[in-house]
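Below is one structure; the comments refer to it alone.
Note that the structure is predicted; figures quoted are calculated from it, not measured. Lettering of chains follows the sequences in order, A, B, ..., and the numbering in each one begins at 1.
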There are 2 protein chains.
Amino acid sequence: MANMKDIAKIARVSLGTVSHVLNNSANVRPHLRERVLDAVQKAGYQPSQLARGLRRDKTNVIGMIIPDITNPFFPGVVRGAEDTAFANGYRLILCNTDNDHAKELAHLKELQTYLPAGLIVIPSNFSDLTAQAECYRKAGTGVVCVDRLPRNWAGDSVTADNQEGALEATRYLLQVGHRELAMIVGPQHLTNAKDRLNGFRKAIREAKLHVKPEYIQETSFDKNGGYTKALILLRLIPRPTAIFAGNDMIALGVLRAIRESGLRCPEDVSVMGFDDLDIAELTSPPLSSVSQSGYQLGTTAAHILIGRLHGDKNPARHIVLKTSLSIRNSVAAPTDMGVS
Amino acid sequence: MANMKDIAKIARVSLGTVSHVLNNSANVRPHLRERVLDAVQKAGYQPSQLARGLRRDKTNVIGMIIPDITNPFFPGVVRGAEDTAFANGYRLILCNTDNDHAKELAHLKELQTYLPAGLIVIPSNFSDLTAQAECYRKAGTGVVCVDRLPRNWAGDSVTADNQEGALEATRYLLQVGHRELAMIVGPQHLTNAKDRLNGFRKAIREAKLHVKPEYIQETSFDKNGGYTKALILLRLIPRPTAIFAGNDMIALGVLRAIRESGLRCPEDVSVMGFDDLDIAELTSPPLSSVSQSGYQLGTTAAHILIGRLHGDKNPARHIVLKTSLSIRNSVAAPTDMGVS
DNA sequence: CTTGTCAGTTGAAAGCTTTCAAGTGCAATC
DNA sequence: GATTGCACTTGAAAGCTTTCAACTGACAAG
């Protein structure tokens, strides 16, 4: 590969001039500029991102740290971030934490040696991101938090309006006629899981109802958790007529539990999910769910980050994206049978 | 961040010695080695991957180029690759091509300036990878192809045994009693799509049957394609009693087409998919499918690549992973009605 | 005591870019 | 015609590591 020296020689200018042309960092007279551009074209020259990064103390790489690309919610976020990053000349380094904060920490430490321009992070369970991000921020590296926030996070963030989404979904369940509502919530140390529960409770309060403690079950955000906890709920007397799942993966487990208990959804038990993944319309019955756009989460985060890199000095932004309700067939009015 | 010079000073040794200790590149007497290690520990020193990459003409980054992380088959591959890469000290830069070979080319060109240690590529439609990889190979960068191969690919590759998988699946359909078999194949310029068709044809030949040309429909690997082509197949007389979909996404479209045509699966039409995605067990009826492990595709590719980076000079390897049949409820014996 | 050997250690050079202080040449001004 | 100012241009330095030729010191052999 040609290097800058070669270009300088071909264009009969100095190294500095080539750099100025390439970075628009100084006025260069048109005829020289053209000579340089011609030489670049001819030699198929591309600047070494390594040398540039080394000199500038910053690369065009964005570190993206997520729990697990295999979880169907995250690919959309990553794709959104990648599209926006790429369009602005940035590349994405992808790291999976499996929700393990030790692994997250390892990634954070290691990533530093690549001098990334910024970080987009979906924090792990019990993330120590707030402390770590301090190091990055000191080095001038932006960090944007997505989907959920670690303890004491004061930096930029993009999340869905989890509380409002859950509120609306619960209102809908109430409006359809349900009174015995249960919720299987995600890990309550995760802000998004907590907000969803808050929304649920708020709707219940609005309706002047009460929820028995055992009607609220906590589990991890996956199918198995949903399955296990749903089995517990379905054995309660009176049996809840509707189960609000903390996310769609949990909802999948709930549907299975209902089926395997010899019950029917929605006739015996209604189910509401959260996330509105592609799979929501494949289940039987198709799953009603609170819709949020992972893709938009990703693009928004990347935009904020890139804004920072371009010098945006405004105070931390906390973007909260609207959710909407995707109504399918997993929710129906309760039959009298169900209510004791 | 401390740099190597600082470490050298703290440990009272030369720059070279620090480097030797860190890279095990020369024998260093124990007491010096210890001094260096102590200093590294104390200063929390981590070598700059940029400077190292610049000097060595090679980084610890692996470029991963895939069509679209949002397509449910690919996250598994990426995760497999990332796990293996990470375990060996490599990082993954993720690039989506949307199956557009121009975008692929852009990624390939740009990635070069990061001096990646290697590339793991799922080629786009009409990929020009073979030519591009030549440049990389010349620079000592390994390239491994996954899932499907571009024209004239002679380098390392990891694919599923698409032909054998399709062969077995088709045999199964035949064994269940189907005689009027149709297939909706993926784009025939993709080797995996072609191999699956070959397997299908082979099984048909074995059974001394014939397939009418209109029973084989080609489309892109997605739901919509499957839907459109299935509608065509379902209007044929005689109507096929079983449809083999080129992948699970196509199968989703087929299921929808069957439902919307007022037919039932599997009573009226049996459906077989390929890939055995997580969603296969969610459809109604649950989808029988040829199972292949994306994760294993990813780990295997990364292992081969890392082997190359460690100096493996053996001739190109073409690993073909076994598939298996996941039998669910979307396939049943044909009713006499269906056969004219 | 000299010489040779060898393991271990050193410091400079190279890798490619950006940045900055210093330099060049031209035009305008007096 | 000399001077000043301006607008570019230049080349060296810096950023951090690896590598290699050269060096050091110790020890063995003659």
What is the distance from [atom1] of [X] to [atom2] of [N], rounded to the nearest Å?
X	N	atom1	atom2	answer
B/L115	D/dT17	CG	P	17 Å
A/Q46	C/dT17	CD	C1'	15 Å
A/Y114	D/dT17	OH	P	14 Å
B/N23	D/dC20	CG	P	13 Å

Query raised in the report: Closest approach of B/T159 and B/L297, non-hydrogen atoms and distance?
Result: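 Here B/T159 and B/L297 meet closest at C-CD1, 3.9 Å.
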**Report entry** Heavy-atom closest contact (A/P123 atom, A/R148 atom, distance)
**Finding:**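 Heavy atoms only, the tightest pair is O-NH1, 2.8 Å.
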Query raised in the report: Using a cut-off of less than 4.0 Å, is there contact between a side-chain N or O of B/N27 and OP1 or OP2 of C/dA7?
Result: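 For C/dA7, neither OP1 nor OP2 has a side-chain N or O of B/N27 closer than 4.0 Å.
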Report task. Considering just the side-chain nitrogens and oxygens of B/T17, establish if one lies under 4.0 Å of OP1 or OP2 belonging to C/dT10. Result ->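 B/T17 to C/dT10 OP1/OP2: side-chain N or O found under 4.0 Å.
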**Report entry** Close side-chain approach of A/N99 to A/S124, heavy-atom, < 4.5 Å
**Finding:**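 In short, these two side chains touch, coming nearer than 4.5 Å.
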Query raised in the report: Who passes ring-ring contact (aromatic ring centres under 6.0 Å, His included) against A/H189, sequence neighbours left out?
Result: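 Checked A/H189 against ring-ring contact (aromatic ring centres under 6.0 Å, His included); matches are A/F126.
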Query - Side-chain donor or acceptor of A/K58 paired with backbone N/O of A/G140 under 3.5 Å - result: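 Side chain of A/K58 to backbone of A/G140, a donor-acceptor pair under 3.5 Å: yes, one is there.
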Polar atom pairs (N or O), protein with nucleotides 13-16 of chain C, under 3.5 Å:
residue: C/dA14; atom: N3; partner: B/R55; partner atom: NH1; Å: 3.0
residue: C/dC16; atom: OP2; partner: A/N3; partner atom: ND2; Å: 3.4

Requested in this report: Check B/I120, B/I62, B/T299 against B/T84 for a side-chain contact (heavy atoms from CB on, under 4.5 Å) and give me the one that passes.
Outcome: B/T299
**Report entry** Ion pair B/R79/B/D83, N-O distance below 4.0 Å
**Finding:**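 Yes, this pair counts.
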Query raised in the report: Can a salt bridge be assigned to the pair B/D98 and B/K103 using a cut-off of 4.0 Å between side-chain N and carboxylate O?
Result: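 Yes, charged N to carboxylate O under 4.0 Å.
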Query - Within residues 28-41 of chain B: residues closer than 4.0 Å to DNA chain C (heavy atoms) - result: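 Hits under 4.0 Å, by residue number: B/V28, B/R29, B/L32.
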Query raised in the report: For B/H20 and A/K5, take the nucleotide of DNA chain C holding the closest heavy atom to each; which residue's nucleotide lies nearer the 5' end?
Result: B/H20
